[in-house]
*Asks:* 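Take a look at this one; I'll ask things after.
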There are 2 protein chains.
Amino acid sequence: MALEHAILVSLSEKPSTGYDLARRFDASIGYFWTATHQQIYRVLAAMEGSGWVTSTLVPQPGRPDKKVYEPTAAGRAELAEWLGRPAEPERPRSDLAVKIRGVSDGDPAEVRREVARHRRLHAERLDVYLASEKRDFPPPAALEGRRLHQWLVLQGGIARERSMLGWCDLVLAALDSGSSGQRPDEGGVRA
Amino acid sequence: MALEHAILVSLSEKPSTGYDLARRFDASIGYFWTATHQQIYRVLAAMEGSGWVTSTLVPQPGRPDKKVYEPTAAGRAELAEWLGRPAEPERPRSDLAVKIRGVSDGDPAEVRREVARHRRLHAERLDVYLASEKRDFPPPAALEGRRLHQWLVLQGGIARERSMLGWCDLVLAALDSGSSGQRPDEGGVRA
DNA sequence: TTCCGCATGTAACCAGTTACATGATTAC
DNA sequence: GTAATCATGTAACTGGTTACATGCGGAA
């Protein structure tokens, strides 16, 4: 499982609470791995049990206490070992592709609308990534170490969104030219 | 869940046994949705329970009997309804990205080797897709109906693999130029 | 005789999702 | 007063993976 290891990477960048981790899994780390706070608290507890992390209770005035986690030596060793361990690429899984393959089994206009909606979502995500690149990183030539590695995974996200965008455009064009007289309306669709 | 619906799409293209479906989920459908035979038999049974498919036992000389499934009217209705139902894009999840973000926590050479290995796997998959495009499809202008839709999802797979390939190359280049004197050896690596 | 293809399944487990639950402080 | 932010969790469920199990026919 990669979640444990994603948490270890994140904690080795900076010791944090489960809450902090959850927020980072909604942002930067979430660009390539997602997890809810429930999942994070659960595996954090399990990881503490297996000795990969330790926690320190930090009382805060007028705020609930927080449990700050950091990796132990054993945790670091496990992470290092995992990094070298070969793993298979994820198995592709795309609801949208199933729907596209099934256009003939339903209302093509509805599927088209769904593709347009996804196109919009991917465009938005791409904007977020590009904004983060601009905001958080200097020109790539100047990058090294952890910053470089963070930038590299961001590039992976950017590439993925660009490719999804291009694919959605291809599908929309094909669905339009194929079927009757329905004209595109990407602009203001509000599924 | 999309597996039920992927099965419905596949059965509406052609009534099949669980075994047939499992093979198709290893090939064409597997380009965008994967499932093992265990999973397929399980949901097929459940779908028969909810009346989305019916099965006919077909005895075969000198072969085990086979159960040929096909969608019922209710199954077709459910599929049509699902096709128009909005669904969120998959949450990104990439082990490889976690490892890249973690290079500083392990042996960079090992992570590099893993990236090179993934590059090779994606190149192989791309070749499979391109071969299928060449073998199974006429020039796209001549396509329509189900064949067009199949071609469109294939294009999605091709785009995805190309984008992964480009990303792997970027990462490999960055890891090489950053670190000491290790020269690339993509060609013959055998992780 | 050994392996591969056809054909169907069960059982146990693991990971991820959704819903529920609590409670203080600060900003509007 | 109402909502958002900080902070931590439990419980039930769903979907996917891995391992195990069976048995025939044909090819090497």
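Below, chain A is the first sequence line, B the second, and so on; all start at residue 1.
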*Asks:* Could you tell me the separation between the CD atom of Gln60(A) and the C1' atom of dT26(C), rounded to a whole number of Å?
*Replies:*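 Spelled out: CD on Gln60(A) to C1' on dT26(C) is 14 Å.
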*Asks:* Once you apply a heavy-atom cut-off of 4.0 Å, does Gln38(A) come out as touching a base, just sugar-phosphate, or nothing?
*Replies:* base
*Asks:* Just the rounded figure in Å: distance from C1' of dT8(D) to CG of Asp65(A).
*Replies:* 11 Å
*Asks:* Considering every strand and a 4.0 Å limit on heavy-atom distances, what is the contact class for Thr17(A): base, sugar-phosphate, or nothing?
*Replies:* sugar-phosphate
*Asks:* Check whether the side chain of Arg42(B) and the base of dT17(D) form a donor-acceptor pair under 3.5 Å.
*Replies:* yes
*Asks:* Provide, to the nearest angstrom, the distance between the NE2 atom belonging to His37(B) and the C1' atom belonging to dC20(D).
*Replies:* 10 Å
*Asks:* Given atom CD of Gln39(A) and atom C1' of dC13(D), what is their separation to the nearest angstrom?
*Replies:* 14 Å
*Asks:* Any side-chain heavy atom of Glu161(B) within less than 4.5 Å of one from Tyr129(B)?
*Replies:* yes
*Asks:* Without swapping roles, check the side chain of Glu114(A) against the backbone of Leu96(A) for a donor-acceptor pair under 3.5 Å.
*Replies:*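 Judged by distance alone, no pair lies under 3.5 Å.
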*Asks:* Between dG16(D) atom C1' and Tyr41(B) atom OH, what is the distance in whole Å?
*Replies:*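 After rounding, the reported distance stands at 18 Å.
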*Asks:* Kindly point out which of dT8(C), dG15(D), dT18(D) is positioned nearest to the side chain of Arg91(A)?
*Replies:*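 Closest nucleotide to the Arg91(A) side chain: dT18(D).
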*Asks:* Nearest nucleotide by nearest heavy atom, which residue falls closer to the 5' end of DNA chain C, Lys67(B) or Thr34(A)?
*Replies:* Lys67(B)
*Asks:* Does a sphere of radius 6.0 Å around CD in Glu81(B) hold more than 12 heavy atoms from other residues, nucleotides or ligands, not counting ones at 6.0 Å or beyond?
*Replies:* yes
*Asks:* Rounded to the Å, how far apart are Met1(B) CE and dT17(C) P?
*Replies:*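 Value for this atom pair: 15 Å.
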*Asks:* Would you please say whether a donor-acceptor pair under 3.5 Å links the side chains of Gln39(B) and Arg42(B)?
*Replies:* no
*Asks:* Expressed as a whole number of angstroms, how long is the span from Ile40(B):CD1 to dG9(C):C1'?
*Replies:*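 My rounded result for the distance is 13 Å.
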*Asks:* Check the angle between the aromatic planes of His5(A) and Trp52(A) and answer parallel, tilted or perpendicular using the 30° and 60° thresholds.
*Replies:*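 Judged by the thresholds at 30° and 60°, the geometry between His5(A) and Trp52(A) is tilted.
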*Asks:* Relative to the 5' end of DNA chain C, which residue comes earlier, Ala2(A) or Pro64(B), by the nucleotide with the nearest heavy atom?
*Replies:* Pro64(B)
*Asks:* What integer distance in Å separates Lys66(A):NZ from dG23(C):C1'?
*Replies:* 18 Å
*Asks:* Counting just side-chain N and O atoms, does Tyr19(A) come under 4.0 Å of either OP1 or OP2 of dT8(D)?
*Replies:*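 Answer no for this pair, as no side-chain N or O of Tyr19(A) is under 4.0 Å from OP1 or OP2.
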